[in-house]
Number of protein chains: 2
Amino acid sequence: MSTAHGARARARVEVTAAIKDEARRQLAAEGAAKLSLRAVARELGMVSSALYRYFPSRDDLLTALIIDAYDSLGESAEAAHGAAADSGPLQRWIAVCEAVRGWALAHPHEYALIYGSPVPGYTAPDTTVPAAARVGNLLLGILRDAYRGLGLARPPLPAALRPEAERMAADLAPDLPPETVTALVAAWAQLYGLVGFELFGQFNRVVEDRETFFRHAAGQLAQGVGLVYPQRGPAS
Amino acid sequence: MSTAHGARARARVEVTAAIKDEARRQLAAEGAAKLSLRAVARELGMVSSALYRYFPSRDDLLTALIIDAYDSLGESAEAAHGAAADSGPLQRWIAVCEAVRGWALAHPHEYALIYGSPVPGYTAPDTTVPAAARVGNLLLGILRDAYRGLGLARPPLPAALRPEAERMAADLAPDLPPETVTALVAAWAQLYGLVGFELFGQFNRVVEDRETFFRHAAGQLAQGVGLVYPQRGPAS
DNA sequence: TCCAAAGCAAGAGCAGCGCTCTCATTTTTG
DNA sequence: CAAAAATGAGAGCGCTGCTCTTGCTTTGGA
């Protein structure tokens, strides 16, 4: 159905892909701010106006790149998780965290695109949500496995936060304790704080051995979500 | 000396301030990417080329705004810390964290400017370092007080990280244990992860009661640096 | 099979941008 | 008081995102 509509449709997906490829190259080389539709068109041997047949605006091109970046990051994390499938939850947690960091260091501009300052006036369409959730779901899965296996330590929860914690748990993982889900959301944000600080230069002149530092911090995050010092989990 | 050089020098600082004020207004209104020298000049009733007598480039204007933003954030944090001066270290820690979050929510574009994706090709000059360090120094001071008073729990440190931890401690706070300094650096990055995720929309459809969530998370960070469950500190 | 409809590339053009250069005017300084 | 420095205005260069019109090609129904 999607590939049957003749030469024209096939050419369209090819050109679309070529535009995204060239845009990604410019993004990696110069950053999102210097991504220019005209430059992309020039490099592809087309005139700039022709490009608008494929992406109605520069922001739409960026949106496409954002979704691809989320997916690329998600794939990296999932691959790392798969490679550590035989290890314990703590090792898999750390493997995923390190995959996120590794991908970010390898694709700094794409990371900045998805986790840095949002483009002004630009709000990510709902299309990006599933791709953006992949890493979170991966971490959630690790916690689920651990919860059903060895059990999870349950970080204490202040009374004021309990309603919100139960709401989040109902939304994200009804089979996990609210304490765990809340701790995961916090750890998730904190993970990106660590990666972002390293990537955006905030660790310059502060942290030198960043690899070791990050591995340790990832382990601390794991402890925060109850992955360390496991105890028998209470009945769900 | 600095104000004595006649009307021209006085006019210069006034015009410089006016430019920065107008630029800050546009920054708050539209974000850094849409900050235009021409628009600033237009609003000030001058021609765009005249503006280059005060800021040699758009990036230099941004640098000035960055330093101001760091200082504004630092002042907010210090004020909050001062207001909580009579409270215990944990309360002061949380007060500073909440001040950071509050400032970020009140000045989202300025926060994005200093803690979001760096401007492409732009590397912050060393001028920004002291201003950028103010919040960190504040948190460090809280830990120092606690360490000298009730004492701090000392988070465990893996052997692989010990050399780096000792180096960081020697650089940042030779009077504090390496475990504490390492934990602080991590908590510092994680704090900005939490703030950034909320600010940049990553918590949309995930966290609703963000105030309560953040307060809890800040308390968890405090625990991570040893501020909770204080025990008699060992000899320094 | 033919023809209207739709898809597409190209070019010209608009308004805006950062930035540079020149020129006249004003203030400061030796 | 004259030389030097600072300042503002204007024109202009090359770039940007984006729109509109003009022809050409592919497509799908009669």
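Excluded from the calculations below are hydrogen atoms, water molecules and symmetry mates; all remaining heavy atoms, backbone and side chain alike, are included. Note that the coordinates shown come from a computational prediction; the quantities given were computed from them, not determined experimentally. In the text below, chain A, chain B and the rest are named by the order of the sequence lines, each starting its count at 1.
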>> Within the 4.5 Å heavy-atom criterion, are Trp103(B) and Glu75(B) side-chain neighbours or not?
In response: no
> What pairs of residues pass the salt bridge (charged side-chain N to carboxylate O under 4.0 Å, His left out) test when at least one of them lies in residues 46-56 of chain B, not counting sequence neighbours?
Replying inline: none
> Does a side chain donor of either Ser57(B) or Asp60(B) reach within less than 3.5 Å of an acceptor in the other side chain?
Replying inline: yes
>> Expressed as a whole number of angstroms, how long is the span from Lys34(B):NZ to dG17(D):P?
In response: 14 Å
>> Between C1' on dT26(D) and CZ on Arg10(A), what's the gap in Å once rounded to a whole number?
In response: 13 Å
Between the protein and nucleotides 18-22 of chain C, list the N/O to N/O atom pairs that are separated by less than 3.5 angstrom.
| residue | atom | partner | partner atom | Å |
| --- | --- | --- | --- | --- |
| dG18(C) | OP1 | Leu37(B) | N | 2.7 |
| dG18(C) | OP2 | Leu37(B) | N | 3.1 |
| dG18(C) | OP2 | Arg38(B) | N | 3.1 |
| dG18(C) | N7 | Arg38(B) | NH1 | 2.4 |
| dG18(C) | O6 | Arg38(B) | NH1 | 2.8 |
| dC19(C) | OP2 | Tyr52(B) | OH | 3.3 |
| dC19(C) | OP2 | Arg58(B) | N | 2.7 |

> To the nearest angstrom, how far is Arg12(A) atom CZ from dC8(C) atom C1'?
Replying inline: 9 Å
> What pairs of residues pass the salt bridge (charged side-chain N to carboxylate O under 4.0 Å, His left out) test when at least one of them lies in residues 131-143 of chain A, not counting sequence neighbours?
Replying inline: Asp71(A)-Arg134(A), Glu78(A)-Arg134(A)
> Under 4.0 Å: is that the gap between some side-chain N or O of Tyr54(B) and OP1 or OP2 of dG8(D)?
Replying inline: yes
> Which residue pairs pass the ring pair (Phe, Tyr, Trp, His ring centres under 6.0 Å) test when at least one of the two sits in residues 198-218 of chain B, sequence neighbours left out?
Replying inline: Phe197(B)-Phe203(B), Phe203(B)-Phe213(B)
> Pairs in or reaching into residues 193-205 of chain A: which pass salt bridge (charged side-chain N to carboxylate O under 4.0 Å, His left out), with residues at least two apart or in two chains?
Replying inline: Arg101(A)-Glu198(A), Arg205(A)-Asp126(B)
>> Distance check needed: dC8(C) C1' versus Leu51(A) CG, whole Å only.
In response: 13 Å
>> What is the separation between atom CD on Glu14(A) and atom P on dA9(C), rounded to the nearest whole Å?
In response: 12 Å
>> Looking at Arg42(B), I'd like to know whether one of its side-chain N or O atoms comes within less than 4.0 Å of OP1 or OP2 on dC17(C).
In response: yes
> What pairs of residues pass the ring pair (Phe, Tyr, Trp, His ring centres under 6.0 Å) test when at least one of them lies in residues 20-70 of chain A, not counting sequence neighbours?
Replying inline: Tyr70(A)-Tyr115(A)
> Which parts of residues 15-27 of chain B get close to DNA chain C, meaning a heavy atom less than 4.0 angstrom away?
Replying inline: none
>> Tell me every residue that passes salt bridge (Lys or Arg N to Asp or Glu O under 4.0 Å) with Arg92(A), counting only those two or more places apart in sequence or in another chain.
In response: Asp145(A)
> Of all residues at least two apart in sequence or in a different chain, which pass the salt bridge (Lys or Arg N to Asp or Glu O under 4.0 Å) check with Asp21(B)?
Replying inline: Arg24(B)
> Can you check the Glu30(A) CD to dT16(D) C1' distance for me, whole Å?
Replying inline: 15 Å
> Checking all strands, does Phe55(B) fall into the base, sugar-phosphate, or nothing category for heavy-atom contacts under 4.0 angstrom?
Replying inline: nothing
